[in-house]
Amino acid sequence: MISNDSNIYSEILIRLQKLYPEIKSKLIFNSPFEFYVSVILSAQCTDEKVNFVTKDLFQYLKNFDDLNSISLDSLEKAIHSTGFYHNKAKSLKEGAKFILENFGGNLPNEFDNLIKIPGIGRKSAYAILGYVFNKSAIIVDTHVKRLAVRLSISKKDDPLIVEKEIASNVEEKDWFKFSYFLNQHGRTICTAKKPKCPECVLYDICPKVGISINK
DNA sequence: CTCCCGATAT
DNA sequence: ATATCAGGAG
């Protein structure tokens, strides 16, 4: 099939690779446990703020046993500034209990097991797989979702659809990269509110350029 | 679809 | 002052 848009995926990979050469989480972690805590705290919160909070937290919170033992009240106080602190503290403690009871206190490295942990959804499960265990994963967060729609990779604003489109159009070895690139680009250039289209390296291949770009 | 919530941009 | 950010649970 001779078609220009059949190359949009590889074009995105090539161009964004140059812009975001280092594929690494901005979250600072030194163990699967620390990433688990950080990824839960990172919901609606900058990675910088998470790192600020975990710097002190990880001095005394070393594993799932510690997390299971700490009082809800002191945990809430410690993570307060990340927002949603009541939900997050509850998720962290319930998740820790679940991991101790079902996985012997070790964070599992299979998607099907991760997704069973209370407080861990698809996005967090894939983040753990990709960043901690270097397994293939497609992280579809709000940025990836938004860019997939703008770039007409997906017609629907649905994480599962976006995931399937990427899975079937990108080589598996590039899945994680691809979603990482869209995420980075969404944070910096193709922002939700005022996308910087004139600065965008995908400008000429973006179908939504010039049209109302509010989705 | 709503609720959770503090921080930051506007 | 207020809109917006954003993943997961119910």
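Note that this is a predicted model, so its numbers are computed, not measured. Proteins come first, then strands; the chains are lettered A, B, ... in the order of their sequence lines, and each starts at number 1.
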Find the distance [X]:[atom1] to [N]:[atom2] and express it as a whole number of Å.
{"X": "A/I120", "N": "C/dG7", "atom1": "CD1", "atom2": "P", "value": "13 Å"}
{"X": "A/H86", "N": "C/dG7", "atom1": "NE2", "atom2": "C1'", "value": "17 Å"}
{"X": "A/I117", "N": "C/dG7", "atom1": "CD1", "atom2": "P", "value": "18 Å"}
{"X": "A/D158", "N": "B/dC1", "atom1": "CG", "atom2": "P", "value": "12 Å"}
{"X": "A/K123", "N": "C/dA6", "atom1": "NZ", "atom2": "C1'", "value": "9 Å"}
{"X": "A/L160", "N": "C/dG7", "atom1": "CG", "atom2": "C1'", "value": "14 Å"}
{"X": "A/Y36", "N": "C/dG7", "atom1": "OH", "atom2": "C1'", "value": "14 Å"}
{"X": "A/I139", "N": "C/dG8", "atom1": "CD1", "atom2": "P", "value": "11 Å"}

Practice problem: Identify whether the distance between the nearest side-chain nitrogen and carboxylate oxygen of A/D141 and A/R146 falls below 4.0 Å. | Solution: no
Self-check item: Cationic N near anionic O, under 4.0 Å, A/E76 to A/K90
Solution: no
Exercise. From the options B/dA7, B/dC5, C/dG8, select the nucleotide whose nearest atom is closest to the side chain of A/K49.
Key: B/dA7
Quiz prompt | Closest listed nucleotide, where the reference is the side chain of A/A192 and the choices are C/dC5, B/dT10, C/dG7 | solution = C/dC5
Quiz item: Across the strands shown, which category fits A/I40 at heavy-atom distances under 4.0 angstrom: base, sugar-phosphate, nothing?
Solution: nothing
Quiz item: Would A/F84 pass as stacked on B/dC5, i.e. its ring centre under 5.5 Å from the base's six-membered ring centre and planes under 30° apart?
Solution: no
Distance, [atom1] atom - from [M] to [N], rounded to whole angstrom:
{"N": "C/dT4", "M": "B/dT2", "atom1": "P", "result": "15 Å"}
{"N": "B/dA7", "M": "C/dG8", "atom1": "P", "result": "22 Å"}
{"N": "C/dA1", "M": "B/dC5", "atom1": "P", "result": "24 Å"}

Quiz item: Any luck finding a side-chain donor-acceptor pair between A/Y20 and A/T188 under 3.5 Å?
Solution: yes
Quiz prompt | Side chains of A/E165 and A/S154, donor plus acceptor under 3.5 Å | solution = no
Self-check item: Phosphate contact (C/dA6 OP1 or OP2) by A/H143 side-chain N/O below 4.0 Å
Solution: yes
Quiz item: Would you say a side-chain N or O of A/S124 is under 4.0 Å from OP1 or OP2 of C/dG8?
Solution: yes
Quiz item: Taking the nucleotide of DNA chain B with the closest heavy atom to each, which residue, A/K194 or A/G83, is nearer the 5' end?
Solution: A/G83
Quiz item: Taking the nucleotide of DNA chain B with the closest heavy atom to each, which residue, A/K88 or A/T46, is nearer the 5' end?
Solution: A/K88
Practice problem: Could you check A/S42 against A/G119 and say which one's nearest nucleotide on DNA chain C is further toward the 5' end? | Solution: A/S42
Self-check item: Ring-ring centroid check A/F58 A/F29, cutoff 6.0 Å
Solution: no
